[in-house]
Structures are given as C-alpha cells and as structure tokens.
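Because the structure is a prediction, the values reported are computed rather than measured. Both backbone and side-chain heavy atoms feed into the values below; hydrogens, waters and symmetry mates do not. Note that the numbering runs from 1 along the sequence shown for the chain.
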Amino acid sequence: MQALQSLLVALTYPPALTVALLVAAALMALIRWNRLAIATVVLGVAWSGVLAIPSVSDWVRGRIERQYPPVDERTLPQADAIVVLGGATHFYWLERQNVTAYDLENSRLAAGARAWLAGKAPVVVLSGGGDNGGNEAASEARIMGHAIQRLGVPQKALLLETKSRNTRDNAHYTAQIAQEHGFRRILLVTSSLHMPRAVIEFRRAGVDITPVPVPENGKRDGWTQRWVPSRRALWRSGRAIKEMGAIVMSRLRN
C-alpha cells in the first residue's frame with residue numbers, strides 16, 4: 001500500500017506522468033495499437049506542455065489557494081503562540097542588507113515575524129525536522145530560527161519543533177508542545193497552497209487554530225511571463241497537483 005502511494009505521488013509531477021505515458025505508448029506501438037499509441041503520445045506531451053504555461057499553473061494553484069486568501073497580520077485575533085511550518089532550508093533574502101519582515105510578502109517566516117511584531121502572541125513555534133538523518137542541529141526549525149531573528153524576533157521568543165517530517169507530524173508535535181506549555185489558541189502560518197491540508201491535520205490533532213495564509217504567487221506583467229512555458233511553472237503545477245492528492249488522502253484517512 002505504501003509503495004502504491006509513493007508511486008502515485010511520484011506521478012503527480014507532470015514530467016513523470018508524461019514519461020509513463022510515453023513508455024505506455026511505446027508498448028502499444030509494439031503490439032500495433034498505433035492509433036491509441038499516437039493518442040497517448042499526444043496526451044503525454046500536452047499534459048506537461050500545458051501545465052508549463054504560467055497562466056495555467058496559476059489557475060491550477062488557484063483552485064487551492066483561494067480557499068485561504070492572505071490576511072493582514074494586524075487584523076488577527078490574540079493567541080497564545082504563532083506556529084510557522086517549515087517549507088525551505090535556504091532563504092535568499094538573508095544575503096540582502098537591511099531586510100525587514102515587511103519586505104517579504106511571500107515568506108512564511110516574515111508572516112510569522114509580522115504577527116509577533118504586531119503583538120498577536122508572545123511565542124513563535126518553528127516546526128520542521130526535514131530529511132536530515134536525525135541531525136537536530138541541521139533541522140528546518142533551527143535554520144528557520146536563525147533566519148527569523150534577522151526579522152526582529154528574538155531567540156527568547158522561539159520554540160523549536162525539530163522532529164516532524166511531514167504535515168501530520170507538524171500537527172502531532174505541535175499539539176504536544178501546546179499541551180506542555182498551555183497554548184490554547186494558535187495562529188498557524190503556512191502557504192495558501194499548503195493551508196487546506198494543514199488545517200485538516202491540525203484540527204484533527206485537536207489544535208485550535210486561526211489560519212494565517214501566505215501567498216506564493218508572483219506578479220506577471222508581460223505576455224511572455226504569462227504564456228511562455230517555463231520549468232518553474234511546470235514545477236509549480238506539479239506542487240499543486242501533489243497537494244490536491246494529499247488533501248484527498250488526508251480527508252479519507254480515519
């Protein structure tokens with residue numbers, strides 16, 4: 001069952017499904033199912049080609065992201081803690097001078113920092129273990145901890161959750177931290193794309209959350225930025241399709 005789930009997840013990335021369809025088409029051609037083979041080739045190429053168009057990618061992602069549109073952190077209710085879910089281990093903005101939380105519209109860490117700077121909660125919990133071979137010092141949470149201090153959140157306001165490997169773990173270990181520290185109300189920060197699944201998992205874990213979604217989309221001013229296929233647009237489409245599958249699996253799981 002686990003192997004089947006891993007295969008299905010792999011096929012959510014558009015080029016992987018395209019390759020699988022091309023292999024299937026080759027097998028069809030060997031047994032002289034020529035028309036079906038041609039149709040399969042066209043479908044395989046079109047699948048990745050269409051999803052590589054930035055406007056199409058934005059449309060696919062929008063099916064999920066519109067469920068939790070971004071909010072102004074100043075309008076959030078008071079809470080006991082702000083929980084920021086990991087999603088990266090490299091932050092390009094650390095190379096910039098004089099960067100602030102208000103300069104980074106698409107950053108989860110910046111959104112968490114803005115909520116803390118607005119006085120919405122006294123503690124920021126950074127949740128993320130990552131695939132680091134058990135090396136806690138190299139966990140997502142620790143890397144995030146160093147980065148968020150650049151945005152004005154002091155170390156004394158941070159709690160690190162370094163064990164999680166996925167969204168279900170994020171929820172499980174955060175629930176443990178909340179119980180240990182008496183946190184009842186949580187501001188949950190993650191991307192708009194990831195938020196629907198995170199809400200399912202955190203509420204299933206019994207955590208009282210207020211979603212704080214963070215946008216990932218960029219501005220597309222020119223015709224070429226909207227319609228010329230790109231590798232990044234294909235990657236963004238793949239993430240959205242993977243997220244759709246993960247949401248379905250989360251809802252079906254008892």
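- For the salt bridge (Lys or Arg N to Asp or Glu O under 4.0 Å) test, residues two or more places apart in sequence or in another chain that qualify with E73 are R114.
- Sorted by first and then second residue, the salt bridge (Lys or Arg N to Asp or Glu O under 4.0 Å) pairs involving residues 187-199 (not counting sequence neighbours) are R197-E243.
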Pairs of donor and acceptor atoms involving the side chains of residues 224-234, under 3.5 Å and at least two apart or interchain, shall be tabulated with distances.
from	atom 1	to	atom 2	distance (Å)
Q225	OE1	D221	N	2.8
R226	NH1	D221	O	3.0
S230	OG	A233	N	3.1

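- Sorted by first and then second residue, the salt bridge (Lys or Arg N to Asp or Glu O under 4.0 Å) pairs involving residues 34-50 (not counting sequence neighbours) form an empty list.
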I'd like to know whether W116 forms a side-chain contact (heavy atoms from CB on, under 4.5 Å) with L151, so could you lay out the CA-CA distance, the side-chain angles of the two residues, the decisive distance to 0.1 Å, and finally the verdict. CA-CA 10 Å; W116 186 87; L151 302 178; over 6 Å; no

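- Hydrophobic clustering keeps V199 apart from L193 (ILVMFWY residues linked when any side-chain heavy atoms are closer than 4.5 Å, directly or through intermediates).
- Within a 6.0 Å radius of CZ in R63, more than 12 heavy atoms belonging to other residues, nucleotides or ligands are found.
- Minimum heavy-atom separation, S192 to P196: O-CD, 3.3 Å.
- Under a hydrophobic-cluster definition in which Ile, Leu, Val, Met, Phe, Trp and Tyr are linked whenever side-chain heavy atoms come within less than 4.5 Å, directly or via other members, W59 and L51 are assigned to the same cluster.
- Applying the salt bridge (Lys or Arg N to Asp or Glu O under 4.0 Å) definition to pairs two or more places apart or across chains, those involving residues 79-88 are D80-R185.
- Residue Q176 places its CD atom among more than 12 non-hydrogen atoms of other residues, nucleotides or ligands, all under 6.0 Å distant.
- Around the CZ atom of R150, the shell of radius 6.0 Å holds more than 12 heavy atoms that belong to other residues, nucleotides or ligands.
- Using a 4.5 Å cut-off on side-chain heavy atoms (C-beta onward), Y102 and L117 make contact.
- With no hydrogens or angles considered, a side-chain donor-acceptor pair links T100 and D103 at under 3.5 Å.
- Taken together through direct or relayed side-chain contacts under 4.5 Å among Ile, Leu, Val, Met, Phe, Trp and Tyr, M195 and I82 form parts of separate hydrophobic clusters.
- A donor-acceptor pair shorter than 3.5 Å cannot be found between the side chains of T162 and S139.
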Check against side-chain contact (heavy atoms from CB on, under 4.5 Å), S191 and R108: CA-CA 7 Å; S191 68; R108 301 181 189 186; 3.5 Å; yes

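- Shown here is R184, whose CZ atom has no more than 12 heavy atoms of other residues, nucleotides or ligands within 6.0 Å.
- The side-chain heavy atoms of L109 and L104, taken from C-beta on, include no pair separated by under 4.5 Å.
- In terms of hydrophobic clustering, with Ile, Leu, Val, Met, Phe, Trp and Tyr side chains grouped at heavy-atom distances under 4.5 Å, W33 and V45 are assigned to different clusters.
- For V123, the side-chain contact (heavy atoms from CB on, under 4.5 Å) partners at least two apart in sequence or on another chain are A81, V125, L159, F183.
- Heavy atoms only, all atoms of each residue included: L85 and A198 are closest at CD1-CB, 4.0 Å.
- In this structure, R203 and I209 have side chains that are in contact, with non-hydrogen atoms separated by less than 4.5 Å.
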Go through it in stages, so that I can follow the logic: the residues are E161 and T174, the test is side-chain hydrogen bond (donor to acceptor under 3.5 Å, both in side chains), and I'd like the CA-CA distance, side-chain angles, deciding distance and then a yes or no. CA-CA 7 Å; E161 182 284 292; T174 298; 5.1 Å; no

